[in-house]
Each structure stands twice: as C-alpha cells, then as structure tokens.
Number of protein chains: 2
Amino acid sequence: MPDTLHDAGAVTVGEAADAVGLPAKTLRYYEEIGLVVPDRRGNGYRAYRPGEVHRLRFLKRARSLGFSIDDCRVLLSLYGDPGRTSSEVKAIAQQHREAIEHKVAELLSLRDELDRLIDACHGDHRPDCPILDNLAGGR
Amino acid sequence: MPDTLHDAGAVTVGEAADAVGLPAKTLRYYEEIGLVVPDRRGNGYRAYRPGEVHRLRFLKRARSLGFSIDDCRVLLSLYGDPGRTSSEVKAIAQQHREAIEHKVAELLSLRDELDRLIDACHGDHRPDCPILDNLAGGR
DNA sequence: CTTGACCTTCCAGTCACTGGAAGCCCGATA
DNA sequence: TATCGGGCTTCCAGTGACTGGAAGGTCAAG
C-alpha cells in the first residue's frame, strides 16, 4: 500500500469508492470511458489523487441530478475551465430540466390513462375486464 | 406469395408490421422472445394469421401504456385465458400505475432541485456559477 | 506459508429494441 | 431467360450506465 513518496495522498479504487460513495465497479467504468482516469502504482493498482476523488464526487452529484454521462463530461470540462461562462453551464441545466419536464408530462398522461382504465375495472372474480377490452380494442 | 389454401389469411412480417404500426424488426424480436410466434410458409417466410396480428395490436397498445414486456406477457396470457379474473388484470395495472407515480415524484424532485440551481445562476459571460459550485460542493 | 481481503482484466447480462451485413426468394420487366 | 428491385431470412453488434462473476495477481497479518 505504500509508494508513499511517489503517490502522495493517492488512494486505491476501493478507498476512493468508499470516500465518494460509489461502487468501485463504477469507478473502473468511469476510467474506461475516460471520465476520471487515475494513475497506476507499480503493482498496477489504480491511484486516485485528491483531485480525482473530487471529480468523482462532482460526478456522483451530477449523476444524482439526472445528468447523462455525456452532460457530465461537458460539466466536468467546464468545471475545470477557468475561461467558461456561467451561461454555458446554465444552458445545459435548462436543457436537462426541459427533458425532465417533458418526461413528467408523458408519465402523467400515462398515469391518467391508466387511472381511467383502473376506475372502469371492477376488479373482482369475473373475467370481463375493461382494461383488457381497451388493450384489445387498440383504441 | 400464395400458399393461399394452406395459409389462408396469413400475411408476411412486413404486411403485419404495416397493419399494426410496428417495425418489422420489432415483430421479429417479439418472436425471438416468444411473445408472438407466427407459422412459417414453405419458403421460410413468417406467416402471421389474423389472431397473431390481433395479439400484436394488443401488444402495441400495452407497450404504449408503458407496460414492460414481462407485464405484456402476463397480460396477453390473461387475455387468452377465459378463467382469468379482472382483479388479476387490475392488480397489474395498479402496480404499473404506482411505479409511474413513483417515477414522477422522483423527476419532480429533480426538477425542483434543478430549478433552484438554475434560478441561482445568473447565466452570463462570467465563470462563477452556483450550479458548478453545488456540484463541486456535493451539498 | 497460508489465509483473506483486496486488486487486476475480461466477458456477459440488463431492457427493448435498432442498424447493418450477407444472402435467399419472388414478381415484373427487357 | 437474365436480371433488377424489393422484401424476406439470419446473425452480429450497439444503445446507457452500469452490474455480476470468473480467473488470477498482490499484500499485510497470523
């Protein structure tokens, strides 16, 4: 576990995972797709430095807000770019917000349609069922 | 295209797809997973009979209501089972409704959180950005 | 020296398709 | 009869974002 002089402050994938609250598998996946690429120790073990752990935390938070991996890639690069503008960041967030809003509208419409079918179905021991009738009727 | 005496009323995958409004690829996929398995003509072509086209329409409608393929499998089997009870059907629909409701709640919570961040961000040419700050701060 | 907990890579599976390649079949035209 | 175009066949791979598992290397402790 040392290499302490060479990899000062660096931690293994398991330690980084515990520190951030993501599975180690996910960290390996993020490396594979080039999101957070740690150094390696002499034995081949990943060595996450504090900056990379920080990026992982950033990623975890962004993912928990529903941003796609591609969005996260852009957000991370903006985060690391002193020449960014806040309008670039805001645009991504707004686009994501609209996508969510759109999906909510879809789901609410589905829910309402299901509610109508569920209300129409007595739900007893008999076989006749307005839900199946609707599915079969296709309309 | 005949075989008319043997496969009366049966249509090819393309014709069935057009009739139902699903891509032919999807019909082949539904056969692969055992949802709707048509006969074959002498030349190997799929032969969808009216009953199978009907099941495909049922599937299309159920999928458009957001039911999973597994749900659809059960719904189809209930549809074809005279001994079913409407309560079985209703239970599936209610479970699906609750899953949708749950997802809506999640998305609305995400949306509200995004709204707060978006409102806090002035969105101009300057680099400082509460959205990035929040992602980086993790809290 | 062995145990056990790590770590490594690679492969497969998830869900419901979708795209594409290679090749067969059929009706219609030249 | 040759061939052309369109539709049919199968099989393989990719999507998003991981997740599970197998086979094997590494390391500190007992």
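Numbers restart at 1 for each chain; the letters A, B, ... are given by sequence-line order, proteins then strands.
- In this entry the distance linking CG of B:D18 with P of D:dG6 reads 15 Å, nearest Å.
- As a whole-Å value, the separation of A:E32 CD from D:dT19 P is 14 Å.
- Salt-bridge formation is detected for the pair A:E52/A:R49: a Lys NZ or Arg NE/NH1/NH2 atom is positioned less than 4.0 Å from an Asp or Glu carboxylate oxygen.
- Between A:L65 atom CG and D:dA17 atom P the separation is 15 Å, expressed in whole Å.
- Within the 3.5 Å criterion, the main-chain N or O of B:A19 finds a donor-acceptor partner in the side chain of B:R57.
- A:R63 has its CZ atom 12 Å from the P atom of D:dG16, to the nearest Å.
- One atom, CG of B:L27, and another, P of D:dC8, lie 11 Å apart when rounded to the nearest Å.
- Residue B:Y30 places at least one side-chain N or O under 4.0 Å from the OP1 or OP2 atom of C:dC17.
- D:dA17 atom C1' lies 8 Å from atom CD1 of A:I33, rounded to whole Å.
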Which atoms of nucleotides 7-11 of chain C (N or O only) lie under 3.5 Å from a protein N or O atom, and what are those distances?
residue : atom : partner : partner atom : Å
C:dC7   : OP1  : A:T12   : OG1          : 2.9
C:dC7   : OP1  : A:G14   : N            : 2.7
C:dT8   : OP1  : A:R46   : N            : 2.7
C:dT8   : OP1  : A:R46   : NH1          : 2.7
C:dT8   : OP2  : A:R28   : NE           : 3.0
C:dT8   : OP2  : A:R28   : NH2          : 3.2
C:dT8   : OP2  : A:R46   : NH1          : 3.0
C:dT8   : O5'  : A:R46   : NH1          : 3.3
C:dT9   : OP1  : A:R40   : NH1          : 3.4
C:dT9   : OP1  : A:R40   : NH2          : 3.2
C:dT9   : OP2  : A:R46   : NH1          : 3.2
C:dT9   : OP2  : A:R46   : NH2          : 2.7

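- Across the protein-nucleic acid pair, A:L56 atom CG and D:dA17 atom P stand 16 Å apart, rounded to whole Å.
- If you check every strand for non-hydrogen atoms under 4.0 Å, B:F67 touches nothing.
- Put simply, CG on A:D112 and CG on A:L117 are 11.0 Å apart, with the number rounded to the nearest 0.5 Å.
- Ion pairing between a basic and an acidic side chain is recognised when a charged N comes within 4.0 Å of a carboxylate O; A:R28 and A:E31 show no such pairing.
- Of the N and O atoms on the side chains of A:D124 and B:S86, at least one donor lies less than 3.5 Å from an acceptor on the other residue.
- Dashed line: the shortest gap from a side-chain N or O of B:S68 to OP1 or OP2 of C:dC15 is not under 4.0 Å.
- Judged by distance alone, with hydrogens and angles left aside, the side-chain atoms of A:R55 form no donor-acceptor pair with the main-chain N or O of A:V37 at under 3.5 Å.
- The side chain to side chain contact (heavy atoms under 4.5 Å, CB included) test applied to B:R111 returns A:R97, A:I100, A:E101, B:L108, B:D115, not counting sequence neighbours.
- Per the geometry, CG belonging to A:D71 stands 12 Å off P belonging to D:dG16, to the nearest Å.
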